[in-house]
Structure formats: structure tokens, C-alpha cells
Amino acid sequence: MNEFYKPKFGIKIDKLSKGDWQLGLFLNHRLWHHCHNDKVVKVSHELYIYICLFKINISIGFIEK
């Protein structure tokens, strides 16, 4: 059974590990294939803006949660 999962619009905030930092702005596109017993059971498509502000990463857009 191949199922296409459409992520919902959302905001995700992550903290970086101690000693790490990033600065930048990216447009990110991901296509995920979730497999079970060598068969693709779910396909996920993500599209979001990824903002890196030193110790915090903020993702805004269509994200799988």
C-alpha cells in the first residue's frame, strides 16, 4: 500500500547542541520514503523555510510532525 502523506503547515523550533552554531536562511525541500519490509508504505513531501540564528533553528512551512 503506497500512501502519500501531505504535511500540514506549521512551525518547528530546534536548539542546536552545545558548542554548535549556524547562521543562514534556506529554502528546503524533502521527499521521504518510509519503507517496511522493502516496500514503500508512505511518501512524505516537505517544503519549508529554514532560518538558522546561531543557537536556534526555526522551520516554517509544510512540515511532517
Side-chain angles (χ1 to χ4, degrees):
M1 172 173 101
N2 290 350
E3 177 182 333
F4 186 79
Y5 176 77
K6 185 175 179 183
K8 295 182 180 180
F9 185 82
I11 298 173
K12 182 177 173 186
I13 299 174
D14 295 312
K15 290 185 180 178
L16 294 177
S17 301
K18 186 175 182 179
D20 291 342
W21 65 273
Q22 292 181 342
L23 181 63
L25 175 68
F26 305 95
L27 177 61
N28 203 356
H29 172 258
R30 285 183 170 175
L31 185 62
W32 297 89
H33 294 92
H34 302 273
C35 299
H36 181 68
N37 294 334
D38 296 330
K39 292 184 181 179
V40 175
V41 293
K42 184 170 87 168
V43 177
S44 299
H45 178 264
E46 295 183 327
L47 180 63
Y48 56 92
I49 294 175
Y50 187 71
I51 304 166
C52 308
L53 300 170
F54 297 102
K55 292 288 186 178
I56 298 173
N57 294 333
I58 304 168
S59 302
I60 302 171
F62 293 94
I63 303 169
E64 181 179 339
K65 295 191 176 194

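Hydrogens, waters and symmetry mates are skipped; everything else that's a heavy atom, side chains included, is used. In this text the structure is predicted, and so the values were computed from the model without any measurement.
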**Prompt:** Minimum heavy-atom separation for K18 to K55, with atom names?
**Reply:** C-NZ, 4.4 Å

**Request:** List, by chain and then residue number, the residues other than L23 in its hydrophobic cluster (Ile/Leu/Val/Met/Phe/Trp/Tyr, side-chain heavy atoms under 4.5 Å); write none if there are no others.
**Result:** W21, F54

**Prompt:** Which atom pair, heavy atoms only, marks the closest approach of C52 to Q22?
**Reply:** SG-OE1, 3.2 Å

**Request:** Kindly write out the residues that satisfy side chain to side chain contact (heavy atoms under 4.5 Å, CB included) with I60, not counting sequence neighbours, or none if the list is empty.
**Result:** F9, I11, I51, I58

**Message:** Holding to side-chain hydrogen bond (donor to acceptor under 3.5 Å, both in side chains), I want the full list of residues that pass it with N28, two or more places apart in sequence or in another chain.
**Reply:** Y48

**Asked** Around I49, counting heavy atoms of other residues, nucleotides and ligands shown, do more than 12 lie under 6.0 Å from its CD1?
**Response** no

